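Remember, it's 1-based here, ligands and their atoms both numbered in the order they're listed. It should be emphasised that the depicted structure is a prediction, and the values quoted were computed from it without experimental measurement. Sequential numbering from 1 along the given sequence is applied to the chain's residues.
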Amino acid sequence: MRILSGITSSGECHIGNYFGAMRQHVRLQGEGEAIYFIADYHSMTVVRDAAERRRLVREVALDYLACGLDPARAILYRQSDLPEVCELTWILGSVTPMGLLERSHAYKDKVAQGLPVDHGLFAYPVLMAADILIYGSDIVPVGQDQKQHLEMARDMAQRFNHVYGVEVFRLPEPHILEGVAVVPGTDGRKMSKSYDNTIRMFWPQKQLRKAIMGIVTDSTPVESPKKTDTTLFQLWSLFATPDEREEMFERARAGGLGYGEVKKDLLARLLDTFGPMRARREELAKRPDDTEDVLADGARRARALGAPVVAAAREAAGLGPAR
Ligand code: TYM
């Protein structure tokens, strides 16, 4: 079984990335041929500074390794070390109807907000399809927010196979973790690198406390019963067992539980959960060349896995001399 997923290096990773994706990536690395990458081509629609792009790739690589990605059991590489995906993007884009891309949520949201949209954002799902299809990936573990992109990748694979009459691309399955939908940010919207609402697992304690104390809550007094389907309780629940959650929710419904107490407990649980990973990250950060070696070795291994699919797509489309 081939497993493929990626994270865009448009910012440092946050607990939405961790619970929605990275935790699954680490768990799955023993269960098949796991390939993970840092999507720096995708970051180009947001980050417009060369040094910042390189810095963010390093940060995301450290986050991944600290969270348990083991280069002996999984491939980790930088997307731009495999420019072949750009060729595949063109090959797929030339069979992708405009209408399909116009239905993309990310594109529609920007248009609705009246923000400028460039071709990179419009073509974003095609590049993502190329990332997936280049390895004939079987499953793609991602958070709920990426589901539409996966459906589009399946559409593009089907369309290419149909147009050229050859089964070049395998249709991937999404793999969305049950029970973890979209992790909310401190303002109640989806936690996202593009909004100022993230909680980063490796922030210094002071910064973490500030972010957690800033989670939106209503003004229900301490003694009154509280609703539990709120941002604060959703975030707290990420760090609790089902029994602990039941107990906490009972206390909330009964009244007498203050939001401050829940926030303090959330901070303690967060520091506890990510403590060992933080220590590992600090160690890894002292040897940046090692991380670069992991990425370079990952790119070599990924290229070998992707080459047959690129060759088959070129052959099917009649690109280059006949083989
Ligand atoms: P990105 O960088 O936005 O997110 C990386 C992973 O984290 C998940 N995620 C979340 N899960 C739950 N709650 C949240 N608030 C939250 N925010 C992010 C995402 O679902 C994702 O799994 N386009 C992709 C990167 C990409 C990719 C690919 C992924 C490029 N090519 C090919 C899979 C396969 C992205 O921007 O993810």
Side-chain angles (χ1 to χ4, degrees), residues 2-28 34-47 56-57 59-61 63-64 67 69 75-80 82 85-86 88-89 92 104-107 109 120-121 123-154 156-157 172-201 231 234-235 237-238 302 306:
R2 209 167 263 185
I3 305 151
L4 181 279
S5 199
I7 295 192
T8 303
S9 48
S10 51
E12 291 153 349
C13 298
H14 50 70
I15 64 171
N17 296 134
Y18 181 76
F19 287 104
M22 297 166 93
R23 185 169 64 163
Q24 294 182 71
H25 298 173
V26 170
R27 281 187 188 154
L28 283 166
I35 312 166
Y36 302 124
F37 68 96
I38 302 166
D40 59 342
Y41 280 139
H42 279 108
S43 80
M44 296 187 77
T45 62
V46 183
V47 179
L56 286 170
V57 169
E59 297 297 329
V60 174
D63 289 344
Y64 246 138
C67 288
L69 189 142
I75 291 176
L76 178 66
Y77 73 96
R78 172 185 7 233
Q79 187 185 29
S80 62
L82 254 86
V85 292
C86 291
L88 209 48
T89 300
L92 291 166
S104 154
H105 299 317
Y107 167 71
D109 286 355
L121 183 74
Y124 189 107
V126 191
L127 177 56
M128 192 160 154
D131 292 326
I132 297 169
L133 301 175
I134 196 169
Y135 305 110
S137 316
D138 299 296
I139 65 160
V140 185
V142 285
Q144 191 75 42
D145 61 328
Q146 297 293 322
K147 208 168 168 219
Q148 188 195 32
H149 285 142
L150 294 194
E151 284 159 5
M152 290 174 143
R154 286 172 64 90
M156 290 177 220
E173 293 295 332
H175 190 277
I176 291 160
L177 192 67
E178 291 301 315
V180 177
V182 174
V183 175
T186 52
D187 60 359
R189 295 186 292 172
K190 174 193 147 185
M191 187 175 289
S192 167
K193 291 166 214 150
S194 4
Y195 309 140
D196 189 18
N197 71 353
T198 62
I199 299 175
R200 170 161 167 66
M201 46 274 195
T231 304
Q234 278 168 27
L235 288 169
S237 298
L238 294 169

Closest by any non-hydrogen atom to [atom]: pick that one out of [options].
{"atom": "atom 16 (C) of ligand 1", "options": "Gly16, Ser9, Ser5, Pro141", "value": "Gly16"}
{"atom": "atom 8 (C) of ligand 1", "options": "Ala21, Pro174, Ser43, Ala39", "value": "Ala21"}
{"atom": "atom 31 (N) of ligand 1", "options": "Ile134, Asn197, Ile132, Asp131", "value": "Asp131"}
{"atom": "atom 27 (C) of ligand 1", "options": "His42, Lys193, Met128, Gln146", "value": "Met128"}

Side-chain ([X]) to main-chain ([Y]) donor-acceptor, under 3.5 angstrom:
{"X": "Glu59", "Y": "Glu12", "answer": "no"}
{"X": "Asn197", "Y": "Lys190", "answer": "yes"}
{"X": "Ser137", "Y": "Ile132", "answer": "yes"}
{"X": "Tyr36", "Y": "His25", "answer": "yes"}
{"X": "Gln234", "Y": "Pro184", "answer": "no"}
{"X": "Arg200", "Y": "Cys13", "answer": "yes"}

If I apply the N/O under 3.5 Å rule, does [X] come out as touching ligand 1?
{"X": "Gln144", "value": "no"}
{"X": "Lys190", "value": "no"}
{"X": "Val142", "value": "no"}

Atoms of ligand 1 less than 4.0 Å from [X] heavy atoms?
{"X": "Gly20", "value": "11 (N), 12 (C)"}
{"X": "Val140", "value": "33 (C), 34 (C)"}
{"X": "Ile7", "value": "2 (O), 5 (C)"}
{"X": "Met191", "value": "14 (C), 15 (N), 17 (N)"}

* Asked: Does at least one non-hydrogen atom of Ser192 fall below 4.0 angstrom from an atom of ligand 1?
  ->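 It does not; every heavy atom stays at 4.0 Å or beyond.
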
* **CG-OH distance between Asp40 and Tyr77, expressed to the nearest 0.5 angstrom** =>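 One finds 10.0 Å between CG of Asp40 and OH of Tyr77.
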
* Gap separating the CD1 atom of Ile7 from the CG atom of Leu56, nearest 0.5 angstrom ->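 Rounded to the nearest 0.5 Å, the CD1-CG separation comes out at 12.5 Å.
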
Counting heavy atoms only, which part of [X] comes closer than 4.0 Å to ligand 1: side chain, backbone, both or neither?
{"X": "Leu150", "result": "neither"}
{"X": "Tyr124", "result": "side chain"}
{"X": "Leu127", "result": "neither"}
{"X": "Gln79", "result": "neither"}
{"X": "Val183", "result": "both"}
{"X": "His14", "result": "side chain"}
{"X": "His149", "result": "neither"}

* **Where Gly11 and Lys193 come nearest, the two heavy atoms and their spacing** =>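 Minimum heavy-atom contact is N-CD, 3.6 Å.
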
* Asked: Is the shortest side-chain N to carboxylate O distance from Arg154 to Glu173 below 4.0 Å?
  ->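 Yes.
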
* Taking the side chain as every heavy atom from C-beta outward, state whether Val60 and Asn17 have any pair of such atoms under 4.5 Å apart. =>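 Val60 does not reach Asn17 side chain to side chain.
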
* Asked: Between Arg2 and Tyr135, is NZ or CZ placed under 6.0 angstrom from the six-membered ring centre and within 45° of the ring axis?
  ->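 Judged by the rule (NZ or CZ under 6.0 Å from the ring centre, within 45° of its axis), Arg2 is not positioned above Tyr135.
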
